[in-house]
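Have a look at the structure below, then the notes.
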Amino acid sequence: GAEGPTLMSYFSKHQIQALKPKITFSTLRDLQCPVLQSNDLQGKPEESCSTEELLEWLGAVLNQVSLDNKSSSFLSTYCCPEPNTVVEKAFLCTITGFIIPEKIIQLLEQLCCYFGEPKLAPWLTLTVHGFADSPVSWRENEHGFHKGGENFYNFVIFRNLDYWLQMAVGTHDDCPP
């Protein structure tokens, strides 16, 4: 009805626009990375790290926590799990905003192209966070914030295109499908 034109004039008058996602790029140098084997989720001593160790490491990297286990650090004495390898350059891209599932699939497809020649990395990750205070979580059910508002999933994609899918959800929320 008549509300449409009124709303349009209000939005144009106040120059309210849809927020575009914010994209930031950074290069991490000499980064300690866990050694992973696509067929070994539990990890093996001196051979590969587990999925849990990877997720903990990823959280430290994304939050720019030092991985060198210095006793003088007031923030963290975390260190990279064993076995690990030092990567000369790691590329980190963060996209913040409301992103539809189709765009996430497109991002995954573009990331997989990275494994074409030259094959620079043995694996890569894509982490998708829901907002901690989002009203809904998995399966369109109510999302309980409680302590941390956990609400994310993480793809780990390997050079042979095997992948891991890790999901996290709050204590009182429905499990992912």
Side-chain angles (χ1 to χ4, degrees), residues 19-134 147-169 176:
L19 290 174
K20 289 183 179 176
K22 178 186 170 189
I23 304 174
T24 57
F25 300 98
S26 59
T27 302
L28 308 175
R29 300 198 179 273
D30 300 323
L31 179 67
Q32 280 185 297
C33 293
V35 172
L36 305 176
Q37 298 291 338
S38 64
N39 59 354
D40 197 355
L41 299 171
Q42 302 303 318
K44 284 185 185 144
E46 299 180 22
E47 284 186 36
S48 64
C49 297
S50 69
T51 55
E52 290 90 349
E53 288 173 316
L54 168 77
L55 205 56
E56 190 174 48
W57 170 86
L58 195 58
V61 170
L62 295 178
N63 287 290
Q64 299 177 337
V65 172
S66 171
L67 306 177
D68 54 15
N69 191 18
K70 285 184 181 170
S71 59
S72 59
S73 172
F74 290 102
L75 180 64
S76 171
T77 55
Y78 175 80
C79 56
C80 186
E82 295 281 349
N84 58 55
T85 183
V86 175
V87 174
E88 187 183 331
K89 272 198 282 190
F91 190 60
L92 177 63
C93 172
T94 305
I95 304 171
T96 307
F98 184 79
I99 301 158
I100 59 174
E102 289 80 4
K103 287 289 181 192
I104 293 167
I105 292 166
Q106 202 175 8
L107 274 170
L108 269 174
E109 288 171 349
Q110 288 175 344
L111 283 171
C112 289
C113 294
Y114 186 74
F115 288 126
E117 296 298 338
K119 292 185 176 181
L120 300 174
W123 52 268
L124 49 83
T125 67
L126 172 67
T127 306
V128 180
H129 277 271
F131 295 105
D133 56 355
S134 172
K147 292 183 180 176
E150 294 86 353
N151 181 19
F152 72 90
Y153 58 91
N154 181 58
F155 278 101
V156 185
I157 307 154
F158 294 88
R159 197 180 285 169
N160 63 2
L161 298 187
D162 283 354
Y163 70 91
W164 297 345
L165 174 58
Q166 300 167 295
M167 296 178 171
V169 70

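Bear in mind that the values here come from a model prediction, so they are computed numbers and not experimental data.
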Whether Asn63 side chain and Gly59 backbone form a donor-acceptor pair below 3.5 Å: yes

Heavy-atom check, side chain of Thr125 versus side chain of Asn154, under 4.5 Å: yes

Audit row: Leu54, Cys49, side-chain contact (heavy atoms from CB on, under 4.5 Å) steps and yes/no: CA-CA 7 Å; Leu54 168 77; Cys49 297; 5.9 Å; no

Heavy-atom pair with the smallest gap, counting every atom of Gln37 and Ser48: CG-CB, 3.5 Å

Side chain proximity check, Asp162 to Asn39, heavy atoms < 4.5 angstrom: no

Euclidean distance, His129 NE2 relative to Thr94 OG1, rounded to 0.5 Å: 9.5 Å

Within-4.5 Å side-chain heavy-atom neighbours: Phe115 and Ile157: yes

Heavy atoms of other groups near Phe158 CZ, more than 12 under 6.0 Å: yes

Pairwise distance CD1(Ile100) to CD(Gln106) - rounded to 0.5 angstrom: 8.5 Å

Side chain to side chain, Cys80 and Cys33, heavy atoms closer than 4.5 Å: no

Expected output: side-chain Trp164 to main-chain Phe155 donor-acceptor under 3.5 Å: no

Pro122 side chain near Leu36 side chain, heavy-atom distance below 4.5 Å: no

Any side-chain heavy-atom pair of Pro81 and Trp57 under 4.5 Å: yes

CA sep, side-chain torsions, deciding dist, call: Glu88, Val86, side-chain contact (heavy atoms from CB on, under 4.5 Å): CA-CA 6 Å; Glu88 187 183 331; Val86 175; over 6 Å; no

Derivation of the side-chain contact (heavy atoms from CB on, under 4.5 Å) call for Leu165 and Tyr153: CA-CA 7 Å; Leu165 174 58; Tyr153 58 91; 4.1 Å; yes

CG-CD distance between Leu126 and Gln110, expressed to the nearest 0.5 angstrom: 11.0 Å

Side-chain donor or acceptor of Trp123 paired with backbone N/O of Ser38 under 3.5 Å: no

Working for side-chain contact (heavy atoms from CB on, under 4.5 Å), residues Phe91 and Leu28: CA-CA 6 Å; Phe91 190 60; Leu28 308 175; over 6 Å; no

Heavy-atom pair with the smallest gap, counting every atom of Leu31 and Ala90: CD2-CB, 3.7 Å

Side-chain heavy atoms of Cys112 within contact of Leu161, under 4.5 Å: yes

Side-chain donor or acceptor of Gln166 paired with backbone N/O of Thr51 under 3.5 Å: yes

Expected output: side-chain Glu53 to main-chain Ser50 donor-acceptor under 3.5 Å: yes

Minimal non-hydrogen separation, Thr127 against Leu62, with atom names: OG1-CD1, 4.4 Å

Expected output: side-chain Arg159 to main-chain Ala121 donor-acceptor under 3.5 Å: yes

Shortest non-hydrogen contact between Val35 and Thr85, atoms and distance: CG2-N, 4.2 Å

Student check: side-chain heavy atoms of Glu82 and Asn84 closer than 4.5 Å: yes

